[in-house]
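Numbers here simply count residues along the sequence, with the first being 1. Side-chain atoms are counted along with the backbone in the values below, which use heavy atoms only and exclude waters and symmetry mates.
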Amino acid sequence: MIACFLFWSLKVTPVHSSFVGMYAFRTYLPAQSFPQSLSAWMLSHFVGRAGKLNKMSTEVNVCDIDPEVKERAKILRFRKAKNTAALVLKIDPARLLVIVDEEHEDISIDDLREELPAHQPRYVLYSYVLKHDDGRVSYPFCFIFISPQGCKPEQQVMYAGSKLSLVKEVEATKVFELRSVEEMTEEWLLEKLKFFR
């Protein structure tokens with residue numbers, strides 16, 4: 001089954017085959033059987049065929065991160081305001097760069113959901129106001145990766161391949177993933193945050 005899927009994946013156009021082929025290996029092989037060195041080699045081999053992407057040779061990282069993203073994420077993480085705030089990030093495919101898409105102040109997660117595209121991946125950094133049962137109030141800094149079903153395979157791979165380096169760069173510890181924008185509700189977030197109390 002794996003071989004058939006890979007054969008099909010590599011019959012697409014050169015750029016698509018680079019991303020989809022890598023996606024097939026990363027998805028269908030168990031993580032423990034896919035060491036970092038092999039992962040880096042596979043990414044270099046497949047993505048190198050796409051011409052503009054051959055700069056990646058040693059790390060499993062598809063896109064660079066705009067310095068503005070790092071600056072705005074740091075401001076969001078250390079903000080002193082007592083309300084919610086969000087930073088929405090996207091990938092510029094022409095530059096292979098993670099950039100700021102939108103910023104929101106004092107926005108509920110339900111209102112934020114309405115601002116997100118339904119069929120395109122996004123990264124969301126969200127500073128939430130969490131009220132505990134004992135009266136305490138905390139402000140968890142959440143990283144939410146949304147990769148909707150039905151979006152282009154190369155988009156999925158670009159976003160998934162850049163996620164870990166972005167999480168590390170913004171120093172997020174509460175990291176969540178969704179396959180649909182509609183799933184991003186306050187009830188969902190509260191359930192996820194129970195593991196960090």
Side-chain angles (χ1 to χ4, degrees), residues 2 4-29 31 34 39-70 72-73 86-104 109 112-126 142-170 172 175-185 188:
I2 295 174
C4 292
F5 183 83
L6 294 178
F7 178 78
W8 172 84
S9 299
L10 298 178
K11 291 184 67 177
V12 204
T13 61
V15 174
H16 288 194
S17 68
S18 300
F19 287 119
V20 179
M22 180 181 68
Y23 179 74
F25 275 100
R26 296 289 289 175
T27 303
Y28 287 91
L29 288 181
F34 203 87
S39 177
W41 179 87
M42 289 302 304
L43 185 63
S44 173
H45 175 73
F46 282 114
V47 178
R49 294 169 54 194
K52 293 192 296 183
L53 310 182
N54 57 13
K55 64 180 180 179
M56 300 173 302
S57 59
T58 58
E59 295 184 1
V60 181
N61 177 35
V62 176
C63 299
D64 293 324
I65 302 171
D66 192 324
E68 183 187 10
V69 169
K70 304 174 186 179
R72 303 307 300 174
L87 185 66
V88 181
L89 310 176
K90 68 178 182 180
I91 290 178
D92 179 347
R95 295 184 290 166
L96 293 177
L97 191 67
V98 180
I99 61 174
V100 174
D101 185 21
E102 298 176 347
E103 288 188 78
H104 299 278
I109 194 165
L112 178 59
R113 182 182 65 248
E114 299 302 317
E115 299 293 328
L116 297 173
H119 302 293
Q120 295 182 26
R122 285 295 185 270
Y123 306 114
V124 177
L125 305 181
Y126 190 55
C142 305
F143 182 105
I144 305 171
F145 170 40
I146 307 169
S147 182
Q149 297 181 7
C151 61
K152 297 179 180 179
E154 60 266 31
Q155 278 189 319
Q156 292 178 337
V157 174
M158 276 195 294
Y159 277 82
S162 304
K163 174 195 158 190
L164 292 180
S165 61
L166 182 57
V167 167
K168 181 179 179 181
E169 189 64 48
V170 302
V175 181
F176 313 121
E177 292 191 19
L178 287 172
R179 294 290 291 172
S180 169
V181 174
E182 296 303 316
E183 296 176 11
M184 196 178 78
T185 64
W188 167 82

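Applying side chain to side chain contact (heavy atoms under 4.5 Å, CB included) to Ile65 and the options Val170, Leu166, Leu89 leaves one that passes, Leu166.
The CD atom of Glu169 sits 10.5 Å away from the CG atom of Asp64 when rounded to the nearest 0.5 Å. Once rounded to the nearest 0.5 Å, the distance linking NZ of Lys163 with NZ of Lys168 reads 15.0 Å. Expressed to the nearest 0.5 Å, how far CG of Leu178 lies from CZ of Arg122 amounts to 14.5 Å. Atom CD of Glu183 is separated from atom CD1 of Ile144 by 11.5 Å, given to the nearest 0.5 angstrom. Rounding to the nearest 0.5 Å gives a distance of 6.5 Å between CD of Glu182 and CD of Glu114.
The backbone N or O of Ser147 lies less than 3.5 Å from a partner atom in the side chain of Arg179, making a donor-acceptor pair. Counting only distance, with no hydrogens or angles, the side chain of Ser165 and the backbone of Ser162 share a donor-acceptor pair below 3.5 Å.
Put simply, the side chain of Leu116 reaches to within 4.5 Å of the side chain of Val124, judged on heavy atoms. Looking at Cys63 and Ile91, their side chains come closer than 4.5 Å, going by heavy atoms from C-beta outward. No side-chain heavy atom of Phe176 sits under 4.5 Å from any side-chain heavy atom of Phe145. In this structure the side chain of Ile146 reaches within 4.5 angstrom of the side chain of Val181, judged on heavy atoms. Put simply, the side chain of Cys151 does not reach to within 4.5 Å of the side chain of His119, judged on heavy atoms.
Nearest heavy atom pair, residue Leu125 against residue Phe143, reads CD2-CD1, 3.3 Å.
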| query | Run the side chain to side chain contact (heavy atoms under 4.5 Å, CB included) check on Met184 and Leu112 step by step: do they pass? | reply | CA-CA 9 Å; Met184 196 178 78; Leu112 178 59; 4.0 Å; yes
| message | Evaluate Val88 against Tyr123 for side chain to side chain contact (heavy atoms under 4.5 Å, CB included), listing each step before the verdict. | response | CA-CA 6 Å; Val88 181; Tyr123 306 114; over 6 Å; no
| Given Gln120 and Lys90, is the side chain to side chain contact (heavy atoms under 4.5 Å, CB included) satisfied, shown in steps? | CA-CA 9 Å; Gln120 295 182 26; Lys90 68 178 182 180; over 6 Å; no
